[in-house]
Amino acid sequence: MQAKHYWQGIGAVLVILATSFAFAQDRVRLLVWDQHGEAGGQASAIERIHASFMAEHPHIEIVRELTPFEQLRATARTALASGTGPDVIYHDVTPSRELFQAGLILSLEDYAERFGWRDRFFEAGLDFTEVDGELMGLGLEYEFVGVFVNRTLFEENGWDVPQTHEESLEFCRMASAEGYVPYAHSQNPGWQNFFSFTMPVHNYVGADYMEGLLFRDEGRWDTPEMVYAVNTVYEEMKEANCFVPDLNGLDYNGAQELFYTGESPLFPTGTWIIGRLLEATADTFETEMMPWPSIDGRERVYTAGMGSAYFISASTEHPEEAALYLDYLFSDEAVAIWVEEANFIPPIPVDTTEMDLDPLFRFALDTLTVAGSGEGDLSLGYNVDLLVPVEFNTMMMEGFQAVWDGRKTVEDQLADLQRIWEARGQ
Amino acid sequence: MATGPLHQPTSLRLRRLWRTSGAAYLFILPTFVLCVIFILYPFASSFYLSLTDWDGARAVKNFIGLGNYFRLVQDRLLWQSLQNNVIWMVLGSAIPISLGLTLALLLWSRPRGFLTFRTLFFMPQIVGWAVTGIIWANIYRARRGVLPQLGQTFDWDFLKLSFLANPDLALYAVLLAAIWFSIGFFFVILLAGLQNVDMELIDAAKIDGANAAQRLWHVVIPQLSHVITVVTVLALIGGLKVFDIIWTMTRGGPGNATEVIGTYTYKKAFVESSVGYGAALSMVMALLALITSLVFLRIRERGQQ
């Protein structure tokens, strides 16, 4: 009797194992590398999206590995080229272009047709993830750069928010004399100076000129107008004490701290910070956003770009499932989670009527929706760093640090940028 | 007809070699295989890459001969990086080794609190280079850093502005953090070396009337020379390879004020995707490390002779 039970037990275990094995064989495992950390609710948002995707598609298992940008930059190429890397990767758009050109990232043209992505996404949003008209990824972080304003602090002190460069200089002199750091700007390691270059240049030479320069190679980086625009920051604003004097020693966290603690009333950065900013300040003060002050009465514009996007590895064994996954990431259900929990702005129309959004985030979302859909008359400029070669960005980072501490002239810096621009693709 | 060992048939000589040294070769073999796989092969691959224009992504690697090496010679930033490496090697070796030796001598006699001091001095080693960099970046951070705050509190102008923002001081500021990190390591090694110093020789020197400085210079240091040689070579090579602490604190900035070959190589290879050029830079770094070690060891050997 005991022997019979023994064999029955073994039989049952074997059946369970065989069934599990067969099920596991049918199940597709997608390895996804992304950068969604805990801050700003990103990790919980992606986990929720994955859970609902896997519930809807039980034959697909998503294995997520958090891979910060620095690590991605060093390993993405090798991982994708090895064929054993991730099936899907969430990476910055700029370095991904060369991965696509090297054949390491899959073209999404067929899937765009099948899933109707070109109808669902804003054309302006897809532009950022196209190479020669071919779609290589789906951007998630549609964003723009401007100046965050501590509205509460301005009201408490009876200050007017500076709208022009002259007002800005005057405000800097007054606020710095009272012990404030007027602009929470930073330059260590230097990527933050993408903003202090891009915004004044757009405001002075205009978004149309920048569009011609960036997309049609019309114009130059080292014109007298460009020099003038950059000098408003590195000469005039510096002299007016708009920033900390040791700007090259302040990192981005330090700049955030200045703004979050009310030590700085203005914070030039991008909408990607909104989630974290609201976490830190929603209970203490009210924040608004405005474009960089106008220079010589010229038009002020926000500059926009696509931070990171989802791409499919060219060597994945499961392109169909990966495409299905990408499609789900931009489904109505997932987009609602991205928007509400992580404060991301995908380049896709979002119905926010039922959503409880902070006014600051709603403003950013509406701005990008109007600009992305092309329905209003709002035009945005371009975040230069997302459209230029990596060497150009390195020169912006290192060169403007040197300009700040007087080891390089603005003219030389812009001439270097022009040289790199002309040498691109060689 | 001569029948000495030189004229023995090859098979006989091999058999004889196997009999006398076979076991030794067998013991060496696993390490040799590992060396080939993990050191020689990657080194050879890097050298090959340095002869190409590979960007790290394309399947094709165009052979460009010594093109990258010719480019190196004209690269102003490489020379600036090398200059910073030399400063780092000199100060980053001399200061922590001297301080480590001083601390080791002070604790040699195992005074009260020996274990506490030894643990404290060695503590930075536990946190590692990257964490050390983050800690010190926060100490120096403009406005909110520990030092600028101290400067504000006591109205000391020289501390008010971040050292990391000053291109003339940034390298030395990072170097100070590195010295803080490495003193403990040299201290522990030198303290261990001191345990082997012959106390009878010191006693004899005392009887001969040698004072403390003379005993240190003529009795202790010579007996520590092998340990000092090892730590110096390690420090010099470390000064050539330095990367983590600079990357976490300044990324080579402001401008390129703290650029060293390690950070420059990383930027070229992994940020700007010039893997071929980055490989050439790493070859230069390896060659310099080799030359440095050989020169220093040769100088030591001559000194001993």
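In the text below, chain A, chain B and the rest are named by the order of the sequence lines, each starting its count at 1.
- Of the atoms belonging to B:Asn138, not a single heavy atom falls under 4.5 Å from chain A.
- Of the two parts of B:Val60, neither the backbone nor the side chain holds a non-hydrogen atom closer than 4.5 Å to a non-hydrogen atom of chain A.
- When the candidates B:Gly253, B:Gly56, B:Gly252 are compared by the number of heavy-atom contacts under 4.5 Å with chain A, B:Gly56 comes out ahead.
- Listed for the A:Glu398 side chain is no donor-acceptor partner under 3.5 Å among the backbone atoms of B:Gly255.
- With a threshold of 4.5 angstrom between heavy atoms, A:Arg73 approaches chain B through its backbone and through its side chain.
- At most 12 heavy atoms of other shown residues, nucleotides or ligands fall within 6.0 angstrom of atom OH in B:Tyr172.
- With a 4.5 angstrom heavy-atom cutoff, B:Phe163 does not touch chain A via any of its atoms.
- When the candidates A:Gly254, A:Ala402, A:Ser186, A:Gly399 are compared by the number of heavy-atom contacts under 4.5 Å with chain B, A:Gly254 comes out ahead.
- B:Asp55 CG to A:Leu99 CG: the interatomic distance, rounded to the nearest 0.5 Å, is 9.0 Å.
- Going from atom CD1 of A:Ile420 over to atom CD of B:Glu272 covers 7.5 Å, rounded to the nearest 0.5 Å.
- Between B:Arg58 and A:Gln101, every side-chain heavy-atom pair lies at or beyond the 4.5 Å cut-off.
- For the residue pair A:Pro189 and B:Thr250, the shortest heavy atom distance occurs at CB-O, 4.5 Å.
- Under the 4.5 Å side-chain criterion, counting only non-hydrogen atoms from C-beta, B:Lys267 is not in contact with A:Met397.
- By the 4.0 Å N-to-carboxylate-O rule, A:Glu263 lies close enough to B:Arg143 to be salt-bridged with it.
- Closest non-hydrogen pair, B:Ser162 versus A:Gly249, comes out as OG-CA, 3.8 Å.
- Nearest approach of A:Ala74 to B:Tyr266, heavy atoms of both residues: CB-OH, 3.6 Å.
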TODO: Could you walk me through whether B:Arg251 and A:Glu70 pass salt bridge (Lys or Arg N to Asp or Glu O under 4.0 Å), step by step?
DONE: CA-CA 12 Å; B:Arg251 312 237 166 143; A:Glu70 283 287 342; 2.7 Å; yes

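- The shortest side-chain heavy-atom distance between A:Arg77 and B:Val275 falls under the 4.5 Å cut-off.
- With B:Pro254 as the fixed residue, the side-chain contact (heavy atoms from CB on, under 4.5 Å) test singles out one of A:Asn248, A:Asn188, A:Asp246, A:Leu247: A:Asn248.
- Contact annotation for B:Ala269: only backbone heavy atoms (N, CA, C, O) come within less than 4.5 Å of a heavy atom of chain A.
- More than 12 heavy-atom neighbours from other residues, nucleotides or ligands sit within 6.0 angstrom of CD on A:Gln71.
- Only the side chain of A:Thr261 comes within less than 4.5 Å of a heavy atom in chain B; its backbone stays farther off.
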- [ ] Might you work through the side-chain contact (heavy atoms from CB on, under 4.5 Å) test for A:Asn253 and B:Arg141, ending with a clear yes or no?
- [x] CA-CA 10 Å; A:Asn253 286 337; B:Arg141 181 195 276 179; 3.6 Å; yes

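- Comparing A:Ala102, A:Ala81, A:Pro95, A:Gly103 by heavy-atom pairs within less than 4.5 Å of chain B, the highest count is held by A:Ala102.
- Heavy atoms of other residues, nucleotides or ligands lying less than 6.0 angstrom from NZ of B:Lys241 number 12 at most.
- Distance check: B:Phe270 CZ to A:Thr78 OG1 gives 6.5 Å after rounding to the nearest 0.5 Å.
- Only the side chain of A:Leu258 comes within less than 4.5 Å of a heavy atom of chain B; its backbone N, CA, C and O stay farther away.
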